Amino acid sequence: MKTMMTSMAVAFAVGSLAAPAQARELTYNSFLPAGEPVNSEGLVPFWERIEEDTGGAYSGRMFYAGQMFGPAEVLSGIKDGAIDAGHVQATAVLGDMPYAAVMSEMQIFSPDPVVATAAMAETYLADCPQCTEELAENGVMSLAGIVTQTLYMVCAPKVETAEDLKGLRLMTVLRSQQSAARHFGMTPVSLSFNEMMPSLQRGAIDCIMVMDSWFPAFQLQDMVSSVIATHSFGGAPIPNFLTMSREVWDEMDAETQAVFVDNAIELSAGLAVYHRDAAVQARQYAVEHGVSEVDPGPEFEALFDAFVAEEPEDIQRSFEEFGLTDIAPMIETYRENLAKWAEMIPEDVDAETLAAMIKTEIYDQTGF
C-alpha cells in the first residue's frame with residue numbers, strides 16, 4: 001500500500017510567489033565534473049529554471065568535482081549546513097542510508113533508464129516506508145533521483161560466444177559485477193574508475209562494463225573490439241541525486257516548494273530521456289568505428305539468466321551485515337513497478353510526457 005502523506009501543493013503563477021526579504025542562493029555539491037551530462041544537461045538547467053520560476057527569489061550555486069565534498073562527505077555536509085543540497089551516493093554512506101543503497105544495488109533489473117526512473121521514484125518515494133524514515137532521520141529530502149545509462153560488457157579480444165569469455169579478466173567495481181564474472185567463468189579484477197582506461201590500454205584487463213557514451217568520450221573503440229549487445233547489465237538507480245536539507249526545505253512556502261518539485265521531476269525525466277537517446281547515438285558511433293555488436297548465443301543466455309535469478313538473494317545477503325533483514329519486499333516491489341511502468345510508458349516517450357506521468361502517478365500521490 002502506498003505511503004500516503006500530505007498532498008503536493010499546486011504551483012502558482014510566478015507572479016504570485018512571495019520573494020524572501022533577500023534572494024537565497026542555495027549551494028549544491030556534485031562530486032562529478034562540470035562536463036558530466038547529469039550536471040551540464042540536468043542540474044545547470046534545473047537551477048536556471050528555479051531562478052526564473054521564482055522570479056529570482058531562489059538560485060543555485062554548483063560546486064563540481066568534489067570541490068567541497070567527495071561522495072562519502074556530501075550527506076554530512078548537508079546535515080551540518082555546510083551546503084544546502086547535493087548528490088548523495090548512498091553506497092558511499094551505507095551506515096546512514098542503507099535502504100537507499102539497496103535501490104542502487106538493483107542495477108541488473110534496470111535495463112531501460114526511462115522505465116527505471118519512474119519505477120525507482122515510485123518504489124523509493126511511495127512504496128518504501130523505511131526509506132522515508134531513513135530520510136527523516138538524516139534530516140534531508142530527496143526531491144529527485146536519476147538512473148544512469150545502462151552498462152554493457154565490452155572486450156578487447158574478439159568475443160563471439162560464452163566460451164570465449166572464460167578466463168578473460170573483467171574489471172569489477174560493483175558487487176554485482178564480481179558475481180557476473182563468476183557466472184561467466186571470467187576472472188574479476190577489482191580496480192577504481194581512474195585505473196580503468198590505463199589498465200585496458202596496457203592489457204592488464206580484457207573486458208569492462210561501460211556506458212555507450214564512453215565510446216566517444218574516451219575513444220573506447222580504439223581499445224576494444226566487441227560489445228555484447230544482446231544483454232544489458234542495467235543502469236544504476238540513484239534515488240538521492242537531488243537531496244536537500246530538510247531545514248532549507250521547511251523555510252520555503254508551499255508555492256516555492258511546488259516550483260522545486262515540478263522542476264525536480266523535469267530534471268529526473270529529462271535526464272532519463274537524454275540517457276536513452278545519447279546511448280543510441282553513441283552505440284552507432286562505436287559500430288561505425290569498427291566495434292562489433294555480438295550475440296554470444298544460448299549458452300550465454302542461460303548463464304545470464306542464472307546470474308539475474310540469483311541477484312535478489314545476493315543483494316539480501318550483502319546487506320545483512322548492516323542489519324537489514326526486511327529488503328526482500330522492496331526488491332520485489334521494484335521489479336513489479338518496473339513491469340508496470342514498462343507497460344505504461346510509450347516506447348518513444350518524450351521528457352515532457354514522462355514528467356507528467358511521474359507527477360500524476362507518484363508525486364501527486366505522495367507528499368513530503
Side-chain angles (χ1 to χ4, degrees), residues 20 22-51 53-54 57-101 103-104 117 120-121 124-125 131 134-149 173 192-194 236-252 256-257 259-261 263-268 270-272 274-275 368:
Q22 185 175 356
R24 180 74 187 273
E25 182 183 65
L26 302 182
T27 52
Y28 180 100
N29 185 92
S30 172
F31 51 82
L32 298 173
E36 169 63 37
V38 295
N39 288 326
S40 61
E41 303 294 329
L43 284 163
V44 170
F46 167 81
W47 288 114
E48 290 173 348
R49 294 193 305 270
I50 289 296
E51 186 168 8
D53 292 351
T54 63
Y58 284 86
S59 61
R61 182 181 180 189
M62 293 282 298
F63 292 92
Y64 300 107
Q67 285 176 306
M68 292 190 69
F69 299 106
E73 294 85 38
V74 177
L75 179 62
S76 61
I78 297 173
K79 292 164 69 172
D80 295 341
I83 51 174
D84 300 305
H87 173 179
V88 174
Q89 182 174 313
T91 52
V93 286
L94 275 168
D96 293 303
M97 304 194 77
Y99 288 102
M103 288 297 315
S104 295
T117 294
M120 171 190 63
Y124 189 69
L125 298 177
C131 302
E134 183 174 88
L135 289 167
E137 289 175 351
N138 283 284
V140 296
M141 305 287 299
S142 178
L143 296 184
I146 63 169
V147 176
T148 66
Q149 273 190 32
V173 177
S192 69
F193 179 82
N194 291 336
I238 304 172
N240 307 112
F241 181 67
L242 179 52
T243 300
M244 180 179 289
S245 162
R246 179 75 200 209
E247 182 177 347
V248 172
W249 175 259
D250 288 340
E251 291 173 356
M252 301 177 188
T256 302
Q257 289 178 350
V259 167
F260 270 83
V261 168
N263 280 288
I265 297 169
E266 186 175 342
L267 163 70
S268 185
L271 283 175
Y274 174 86
H275 284 152
F368 289 93

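All of these numbers come straight from a predicted model, not from anything done at the bench. Keep in mind that the numbers below use all heavy atoms, side chains included, and drop hydrogens, waters and symmetry copies.
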task = Output every pair passing side chain to side chain donor-acceptor pair (under 3.5 Å) with a member in residues 64-80, not counting sequence neighbours, ordered by first then second residue.
result =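 Matches after skipping sequence neighbours: Lys79-Asn138.
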query = Any chance CD of Glu247 has more than 12 other-residue heavy atoms, nucleotides or ligands included, within less than 6.0 Å?
reply = no
query = Who passes salt bridge (Lys or Arg N to Asp or Glu O under 4.0 Å) against Glu134, sequence neighbours left out?
reply = none
query = Considering residues at least two apart in sequence or located in another chain, which fulfil the salt bridge (Lys or Arg N to Asp or Glu O under 4.0 Å) criterion with Asp250?
reply =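 Salt bridge (Lys or Arg N to Asp or Glu O under 4.0 Å) list for Asp250, sorted by chain: Arg246.
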remark   = With sequence neighbours left out, the residues meeting ring pair (Phe, Tyr, Trp, His ring centres under 6.0 Å) with Phe31 are His87
query = Who passes ring pair (Phe, Tyr, Trp, His ring centres under 6.0 Å) against Tyr124, sequence neighbours left out?
reply =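 Tyr124: no ring pair (Phe, Tyr, Trp, His ring centres under 6.0 Å) contacts found.
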message = Could you work out, with side chain to side chain contact (heavy atoms under 4.5 Å, CB included) as the rule, every residue matching Met252, not counting sequence neighbours?
response =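 Scan of Met252 (side chain to side chain contact (heavy atoms under 4.5 Å, CB included), adjacent residues dropped) gives Leu26, Tyr58, Met244, Val248, Trp249, Thr256, Gln257, Phe260.
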key: Partners passing side chain to side chain contact (heavy atoms under 4.5 Å, CB included) against Ala90 (at least two apart in sequence or in another chain)   =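 In terms of side chain to side chain contact (heavy atoms under 4.5 Å, CB included), with neighbours along the sequence ignored, Ala90 is linked to Met97, Ala100, Ala101, Asn240.
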Could you measure the distance from the [atom1] atom of [X] to the [atom2] atom of [Y]? Nearest 0.5 Å is fine.
X: Leu271; Y: Asn39; atom1: CG; atom2: CG; value: 9.0 Å
X: Ile146; Y: Tyr274; atom1: CD1; atom2: OH; value: 12.0 Å
X: Leu135; Y: Asp96; atom1: CG; atom2: CG; value: 11.5 Å
X: Ile83; Y: Ser30; atom1: CD1; atom2: OG; value: 10.5 Å

ask   = Ignoring hydrogens and geometry, is there a side-chain-to-backbone donor-acceptor pair from Ser268 to Ala144 under 3.5 Å?
value =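 Such a contact is absent between Ser268 side chain and Ala144 backbone.
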task = Start with the C-alpha gap between Tyr28 and Leu242, add the side-chain angles, then the distance that decides, and say whether side chain to side chain contact (heavy atoms under 4.5 Å, CB included) holds.
result = CA-CA 9 Å; Tyr28 180 100; Leu242 179 52; 3.7 Å; yes
Identify the two heavy atoms, one from [X] and one from [Y], that lie closest to each other, and give their separation to 0.1 Å.
X: Phe69; Y: Ala82; answer: CZ-CB, 3.7 Å
X: Ala272; Y: Thr117; answer: CB-OG1, 3.4 Å
X: Met120; Y: Gly145; answer: CE-C, 3.4 Å
X: Ser40; Y: Gly35; answer: OG-O, 3.7 Å
X: Pro45; Y: Gly42; answer: CD-O, 3.3 Å

remark   = For residues 81-91, the salt bridge (Lys or Arg N to Asp or Glu O under 4.0 Å) pairs (sequence neighbours left out) are Arg24-Asp84
message = Filter on salt bridge (Lys or Arg N to Asp or Glu O under 4.0 Å), then keep only pairs touching residues 33-48, sequence neighbours left out; what's left?
response = none
In chain order, what residues pass the side chain to side chain donor-acceptor pair (under 3.5 Å) check against [X], with sequence neighbours excluded?
X: Asn263; result: Arg49, Asp53
X: Ser104; result: none
X: Gln89; result: Thr91

